Amino acid sequence: MTDQDVPTAEETQVDEPALIHGAPSSLSRGQLVVHVDRDGYLELVTALRDDGYAFCSDLTAIDYLLATDRPLPTGVTPERFEVVVSLLHMEEAKRVRVRAQVPEREPTLPTLFELFPGTEAMEREVYDLFGIVFDGHPDLTRILMPDEWEGHPLRKDYPIGRIPVQFKDAPGPR
Amino acid sequence: MTDLTKETTEGAQEIKPRAETSDVERALEEGAVLRGISHEDVDVEISDDETMIINMGPQHPSTHGVLRLMLELDGETVLRCKPVIGYLHTGMEKQAEDLTFLQGSTNVTRMDYASPLNNELVFSMAVEALLEIEIPERAQWIRMLMSELQRMASHLLFLATNGMDLGAISMMIYGFRDRENVLAFFEKVTGLRMNHNYIRPGGVAADLPDGWRDDVLKLCDYLPPRLDEYDELLTGQPIWRERTQGIGVITTEQALALSATGPILRSTGYPWDLRRTMPYLHYDELEFDVVVGSYGDTFDRYAIRLNEVRESIRIVHQIVDKMPAGDYRVQDKKVTPPPRARIDESMEALIHHFKIFTEGFKVPEGEVYVAIESPRGELGCYLASDGSARPYRMHIRAPSFVNLQTLPHLMRGGLVADAVAIISSVDPIMGEVDR
């Protein structure tokens, strides 16, 4: 990617967002963010990796159930879940963040495992805590919670507070 | 063996016998993705009855907390290894959504309990990035001073436990003894040995106490002769070299593919240190060397951490010289409570103080990702706010969590006895892995 592709602060003020590999981008507190839907996700991340963003430093998700009116660039349809991937360009020491919209009805996304093997544990964590399924992941099991756990704790409709502790063969709540 | 998988609740997370393992999964375990070969080429000739799947941990003294490893052994050789984690999971990211931004640092400080100040630092920097406030010079230098001392304490703890795992018991005593000196200084500054809640959004909780300069310089004079002692005790010792050299080797390509950072990545000779490559605070004004290894083995990871203590001492000397005068927290009434003296005489100050600590301050809508170099690698914080006084989502990119993925690749083909050395050299902190 050349320097011209990176929008400056003034450019994001205009309504039409700058496109990076066909995906709208924005600046969040000076950090470059690219927005994409599920269909373009794998293609965009592959293109970014070929641009030199060859290190995946973080992959996480966020549940926008309670904040549906968040600001997004035009052309991006807000969905309930977002998977957030932080990529790092090590030669030029810069980061880009990919925010992929994942619908509530069918929360699936292609895995990045083939591109970045290091996302294996991170995707398992997102699956465990958000219930987002990564198609093609070699070992998509729960990683932090026990296997029989019901629900996905980091979803916004999962309550904090008293819940019966689920352990196998343990006596149930009174 | 089959009974074991039925009785525990982590059945699906455990390593499976070869016959039940899918081709893709087997290829993953054999490192096919990293070597760029297809899973058909992976050697899976050994039949099940010659190998044994055993469980190491979660209550094994050398697994550094509650790490559980499923190992498939052929005699004494480790064929496959799978870390099973989650025993310390306490839902800290969920809890963070229920705490105000001011309370948040008490939460994150308990994640990586061997270097709590780094966790507070990255969280505070993320909040400040969302607020778009610039904190005073002195606060930034205090933060640097504290995080470098924290790096020394954390690496001394590593040297202690690494020594213990390899049978150098005296090293454990020495390491803990020297770390206690650093913690004593922390206690003087923050009031606590660990889990300080000292670095907060807007600056630090209190100014450095009188005489801090002497204490720090005394510490910097005390440590170098001790480090030379460790060199004599371990570095040059044939048994130590025999146990660590050529054990648990990883290449730069593998480390990068697995998103490994910190001493694991640097041990392969790749000079990636966020303090140097993407400077934050005032690290670009300091002179220090990024310590790298060349073979990517256990010995290199040990030597890197030992020498990073020396580099930190060098950095601390410069910080002591350059420490500016001024405020230790930002003078922004929105974020900072009024000084204690004002509360006694002014009703408004009392109300203001009360409001900040009960309601907290509101942070404008947005999301950021901030990363710093913790002793274990890239420590990141992804923070999203919806405009209220509590984070909408707080995610910590824990270096130990990501670095643990290198374990199967480091262990493959090694001996069980070396497994202990390798776990130790990855230096995972389970509080941070499980959060």
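Just so you know, these numbers come straight off a predicted model, no measurement behind them. Quick note on labels: first sequence line is chain A, next is B, and so on, each numbered from 1.
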Pair count under 4.5 Å, heavy atoms only, with chain B: among Asp63(A), Val33(A), Leu154(A), highest is Leu154(A)
What residues of residues 83-91 of chain A sit under 4.5 Å from chain B when you count only heavy atoms? Val84(A), Ser86(A), Leu88(A), Met90(A), Glu91(A)
Of the listed residues (Leu130(B), Leu404(B), Asp98(B)), which shares the most heavy-atom pairs with chain A below a 4.5 Å separation? Leu130(B)
Residue part contacting chain A, namely of Ile396(B), when any heavy atom lies under 4.5 Å: neither
Glu367(B) versus chain A, the contacting section by heavy-atom distance below 4.5 Å: both
Residue Pro364(B) versus chain A: region with a heavy atom under 4.5 Å: both
Taking salt bridge (charged side-chain N to carboxylate O under 4.0 Å, His left out) as the cut-off, I'd like each qualifying pair that reaches into residues 384-409 of chain B, sequence neighbours left out, listed once. Glu93(B)-Arg393(B)
Of the backbone (N, CA, C, O) and the side chain (C-beta and beyond), which part of Val402(B) lies under 4.5 Å from a heavy atom of chain A, both, or neither? side chain
For Arg275(B), is there an ion pair with Asp273(B) - N to carboxylate O distance below 4.0 angstrom? yes
In terms of heavy-atom proximity below 4.5 Å to chain A, should Tyr382(B) be classed as side chain, backbone, both, or neither? side chain
Where is the tightest heavy-atom contact between Ser57(A) and Met122(A), given as atom of each residue plus distance? O-CE, 4.0 Å
Do the non-hydrogen side-chain atoms of Leu129(A) and His152(A) ever get within less than 4.5 Å of each other? no
Check for a donor-acceptor pair, side chain of Asp434(B) on one end and backbone N or O of Gly86(B) on the other, with a separation under 3.5 Å. yes
Counterpart residues, ring pair (Phe, Tyr, Trp, His ring centres under 6.0 Å), relative to Tyr64(A) (two or more places apart): Tyr392(B)
Interface moiety of Arg70(A) toward chain B, non-hydrogen atoms closer than 4.5 Å: both
Segment of Arg49(A) engaging chain B (4.5 angstrom heavy-atom cut-off): neither
Engaged part of Leu274(B) at the chain A interface, taking heavy atoms whose separation is under 4.5 Å: side chain
Under 4.0 Å between a Lys/Arg side-chain N and an Asp/Glu carboxylate O for Arg110(B) and Glu432(B)? no
Testing the 3.5 Å rule here: is there a donor-acceptor pair between the side chains of Asn403(B) and Arg376(B)? no
In terms of heavy-atom proximity below 4.5 Å to chain A, should Glu365(B) be classed as side chain, backbone, both, or neither? both
Do the side chain of His137(A) and the main chain of Glu120(A) share a donor and acceptor less than 3.5 angstrom apart? yes
Under the salt bridge (charged side-chain N to carboxylate O under 4.0 Å, His left out) test, residues paired with Glu97(B) that sit two or more places apart: Lys156(A)
Where do Phe113(A) and Phe116(A) land on the ring-ring contact (aromatic ring centres under 6.0 Å, His included) test, with the steps shown first? CA-CA 5 Å; Phe113(A) 178 73; Phe116(A) 306 105; over 10 Å; no
